[in-house]
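The structure under discussion appears below in the form of structure tokens.
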Amino acid sequence: MTENLVIVESPAKAKTIEKFLGKDFTVKSSFGHIRDLSKKKLGIDTEKNYKPEYIISDDKKKVVEELKKITKESKTIWLASDEDREGEAIAWHLCEVLKLDKAKTRRIVFHEITKDAILNAIQNPRDINQSLVNAQQARRVLDRLVGFEISPILWKKVKPALSAGRVQSVAVRLIVDREREVIAFNSESFFKVTGFFQGKTPFKADLSEKLKNQKDAIAFLELCKTSDFQVSNVTKKPSKRTPAPPFTTSTLQQEASRKLNFSVAQTMTLAQRLYEAGHITYMRTDSLNLSATAIEAAKNMIIKEFGEKYHHTRTFKTKSKGAQEAHEAIRPTYLDKQKVSGTSAEQRLYELIWKRTIASQMSEALVEKTTVNINVSKSPLTFIASGEVIQFDGFLRVYFESTDDELEDTTKDILPQLIKGQNVDVNQIVATQRFTQKPPRFTEASLVKKLEELGIGRPSTYAPTISTILNRGYVLKEDRPGTERKYQIVTLKNGKITDSEKVEQTGAEKAKLFPSDIGMVVNDFLVEHFPKIVDFNFTATVEKEFDTIAIGKKEWTEMIDKFYKPFHVNVEKTLKESDYSKGERVLGNDPKSGKSVSVRIGRFGPVAQIGETNSETGEKPQYASLLKGQLIESITLEEALALFNLPRNLGEYEGKEVVIGVGRFGPYVRHNSKFFSLKKTDDPLTITKERAVELIEEGRKKASERLIQTFKEEPELQVLNGRWGPYISFKKANYKIPKGTDPKTLSYEECMKIIEQQPATNGKKRKPGVKSKAK
DNA sequence: CAGTGAGCGAGCTTCCGCTTGACTT
């Protein structure tokens, strides 16, 4: 017989708590929610006051069985799931499913996993808050109704297996809207003028105004030729910089992306491992709060390491919308541990968390900003030099927060001593042509930031939401090469004005989110037919209602009814009245045939078409697939027409034709009925024969290196070099080669031994775009 | 490595949030 059973959500949390509580307590985990609406059906009886039908899924049956058994043997059951509405619902589902006796069940909550907090919680048990549970049921039911009623419309009107939802559809909308801003953007050029002056040491100053064009730039430099330069003003301003708050899920994802180049999913996997190893607190949180013990530990650490002067206790208020404050901020469990063991990625993430946490409890940095104005005697324009001197580094000693801005030179120089009225010499003045910047495309992390600002999604869903919109094919995460751009430079040096032209790379993108054609068509369909659902404020609006339900001032079923009645009418209407949506755009006429040229989404993706089907003459249109990176939205008539030049015959090589085409696996070179893929930077429309031959030779070389070993004993056994390194192939199945083994010297016997010891991973093919999921 | 929405047609796809493995690739 167990005295006390405590149930929490996470097994790692259970382990920690068990240590605090001693042997009268057994601590178990529910592994999150133990039941949910059926995955196959709507699972809501819209006729019977929205009664949800909850099901224990197969992967939860074992957990539930075990909990059932232990609860029967326990005197008191403490439900210790999180204090937010999901946590409350978990506790309620546990009561219902385990049929817990009210008399021996207690609900407790704590906000930090410390011994005091837990013991305190045990002293203050309460009942389950049914209103809070109902707010969760409303949230769950609303999401299900939206997702399961709109998605099937998309299957009929756009393409099968698509999806829509309160969170994902807004995420896609953000990306589509941004892409349209980028498409509509017209870059304008101007001239930025920088003077290189000479004080005691050389320094730089920028002209206060941008000049419109090269003519103006030259005219200004002409004036400078015979001008004097005088310091007209020197101002010194002390300023402060304060440290950023400790990490939440969203800010951790952003900083890990900016500083360590981790994807959002990568960051979460690494954080999970650090959490399970006991190195950090819980990683799915929106709280900025640090426990009293953590603040104390940080204080000791900082004073010991840097001195009293560097310490400053701070508490931070959570500002994000819809924050539910069930946990602490993400911080090291033991602040005196500056490093932990683990993979290099784990260590780097830990270090980032450690620095950010420690910095949040450190003093402000004191900075003196100096601004110097320099008059040009023959022009009303002035040069402005700004410098920054850090007088006390404070928290900067440990950590500085990065930003999304990709500005060129934000580094502030140290200025020499300058006095008002002093004349300065100029070494040279350079006017450089610059260009206004298009709005930045989203990265995974900047999308998370935006979603959090809008109060959409939760710490536990940011990473999965991004996976969903990528898996549905609404959005692509890609690198795109930039284009070359010429720019002009006008220089005044030694009394002479010269101009020159330079070339720079511009517009290159790395790991940015681009909408696909399907993403744009689905978005436009939803914006047209379900504007309310994809409104950026929809979540905020319903959240307010959930809050009212949570304090018992509104029935959840009434709220849902008010939403569902008109929503469902709209669903029926859209099913009946809306057209099949293929995003068609007519581009103009083909100059050769005079027939119309259009683009749209076809059965196999975006396609360009010349002419129409004519049932009388039996005439059929010509088709050509769009290339990667081309959008229905922005493709031009010329670009579309060029697609019909494929496949292109480039002539003969070694007596066989060299043909460029685009197939299921992308652009290729075909030669002697062998296929070689084009590289990302190769354009199938313009690739030369020389380059194609290069690819053919390269492909042959790769193929020859593929085979590492064959064996006389067994023709079906081979050691091969694959995309993931060397492996063993035997009877169409593949086997890993153990680490530290040289594939070149493996004997027949050794191979067979490896095969016996390993389960075969026979190259099963997955459909592209289908999410891999454990069965 | 081609096709470019139907007309024989079963049955399938889908949401958001709470959790961790079990899996290739």
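Since the structure is predicted, the reported quantities are computational estimates derived from the model, not experimental observations. Throughout, protein chains are lettered first and strands after them, A, B, ... in sequence-line order, and every chain is numbered starting at 1.
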Is any side-chain N of the basic residue among Glu66(A) and Lys28(A) closer than 4.0 Å to the acidic one's carboxylate O? yes
So, is [X] close to the [N] phosphate, meaning a side-chain N or O under 4.0 Å from OP1 or OP2?
X         : N       : result
Arg140(A) : dC15(B) : no
Arg284(A) : dT20(B) : yes
Thr461(A) : dG17(B) : yes
Tyr462(A) : dC16(B) : no
Ser163(A) : dC15(B) : yes
Ser10(A)  : dT19(B) : no

Counting only side-chain heavy atoms from C-beta out, which of [options] sits nearest to [X]?
X         : options                   : result
Arg600(A) : dC16(B), dT4(B), dC18(B)  : dT4(B)
Glu276(A) : dT19(B), dC16(B), dG21(B) : dG21(B)
Gln168(A) : dG17(B), dT20(B), dC16(B) : dC16(B)
Arg603(A) : dT19(B), dC16(B), dT4(B)  : dT4(B)
Asp84(A)  : dC18(B), dT20(B), dT14(B) : dC18(B)
Arg458(A) : dC18(B), dC15(B), dC1(B)  : dC18(B)
Glu86(A)  : dG5(B), dC18(B), dA2(B)   : dC18(B)
Tyr275(A) : dC15(B), dT20(B), dG3(B)  : dT20(B)

Reckon [X] touches a base, only the sugar-phosphate, or nothing at all at heavy-atom distances under 4.0 Å?
X         : answer
Gly87(A)  : nothing
Gly165(A) : sugar-phosphate
Gln272(A) : sugar-phosphate
Ala89(A)  : nothing
Val607(A) : base
Pro621(A) : nothing

Evaluate the ring pair (Phe, Tyr, Trp, His ring centres under 6.0 Å) criterion for residues His93(A) and Tyr54(A): first the C-alpha distance (whole Å), next the side-chain angles of each, then the deciding distance (0.1 Å), finally the verdict. CA-CA 9 Å; His93(A) 282 303; Tyr54(A) 292 115; 4.6 Å; yes
Does some side-chain heavy atom of Thr539(A) sit less than 4.5 Å from a side-chain heavy atom of Val170(A)? no
Pairs counted as Watson-Crick or G-U wobble with both distances under 3.5 Å: what dot-bracket string results for DNA chain B, using | for bases tied to another strand? .........................
Ring-on-base stacking between [X] and [N], under 5.5 Å between centres and under 30° between planes: is it there?
X         : N       : result
Phe31(A)  : dT20(B) : no
Phe604(A) : dG3(B)  : yes
Phe148(A) : dC15(B) : no

Roughly, in whole Å, what's the span from [atom1] in [X] to [atom2] in [N]?
X         : N       : atom1 : atom2 : value
His33(A)  : dT20(B) : NE2   : C1'   : 15 Å
Met268(A) : dC18(B) : CE    : C1'   : 12 Å
Ile632(A) : dT4(B)  : CD1   : C1'   : 12 Å
Glu543(A) : dC16(B) : CD    : C1'   : 11 Å
Asn471(A) : dT14(B) : CG    : P     : 10 Å
Ile150(A) : dC16(B) : CD1   : C1'   : 14 Å
Ile34(A)  : dT19(B) : CD1   : P     : 14 Å
Glu9(A)   : dT20(B) : CD    : P     : 9 Å

Going 5' to 3' along nucleotides 8-13 of chain B, which nucleotides have protein heavy atoms under 4.0 Å from the base (write B), which only from the sugar-phosphate (write S), and which from neither (write -)? -----B
State, to 0.1 Å, how close Trp556(A) and Pro52(A) come at their nearest heavy-atom pair, and which atoms those are. CH2-CG, 4.0 Å
When every non-hydrogen atom of Phe530(A) is compared with those of Thr574(A), the smallest separation belongs to CZ-OG1, 3.9 Å
Tell me which of Arg139(A) and Tyr282(A) sits closer to the 5' end of DNA chain B, going by the nucleotide each one is nearest to. Arg139(A)
The answer to which of Gly666(A) and Ser625(A) contacts DNA chain B further toward the 5' end, by nearest nucleotide, is Gly666(A)
Donor-acceptor contact present, side-chain Gln168(A) to main-chain Ile469(A), <3.5 Å: no
Under 3.5 Å, is there a donor-acceptor pair between the Tyr50(A) and Asp561(A) side chains? yes
For Glu9(A) and His33(A), test the side chains for any donor-to-acceptor distance below 3.5 angstrom and give the result as yes or no. no
Cationic tip of Arg35(A) above Trp92(A) ring, under 6.0 Å, 45° of axis: yes
Establish, yes or no, whether the cationic atom of Arg144(A) lies under 6.0 Å from the six-membered ring centre of Phe148(A) and within 45° of the ring axis. yes
Should the ring pair Phe538(A) and Phe563(A) be called parallel, tilted or perpendicular, given that the plane angle runs from 0 to 90° and is split at 30 and 60? tilted
Interface residues of residues 575-582 of chain A with DNA chain B (non-hydrogen, below 4.0 angstrom): Tyr580(A), Lys582(A)
More than 12 heavy atoms of other residues, nucleotides or ligands under 6.0 Å from [atom1] of [X]: is that the case?
X         : atom1 : answer
Lys159(A) : NZ    : no
Lys61(A)  : NZ    : yes
Arg107(A) : CZ    : yes

Check: Arg144(A) side chain, dC16(B) base, donor-acceptor under 3.5 Å: no
Heavy-atom donor-acceptor pair, Ser29(A) side-chain to dT20(B) base, under 3.5 Å: no
Go through the steps for Asn649(A) and Glu657(A) under the test side-chain hydrogen bond (donor to acceptor under 3.5 Å, both in side chains), then give the verdict. CA-CA 7 Å; Asn649(A) 193 331; Glu657(A) 281 183 346; 3.1 Å; yes
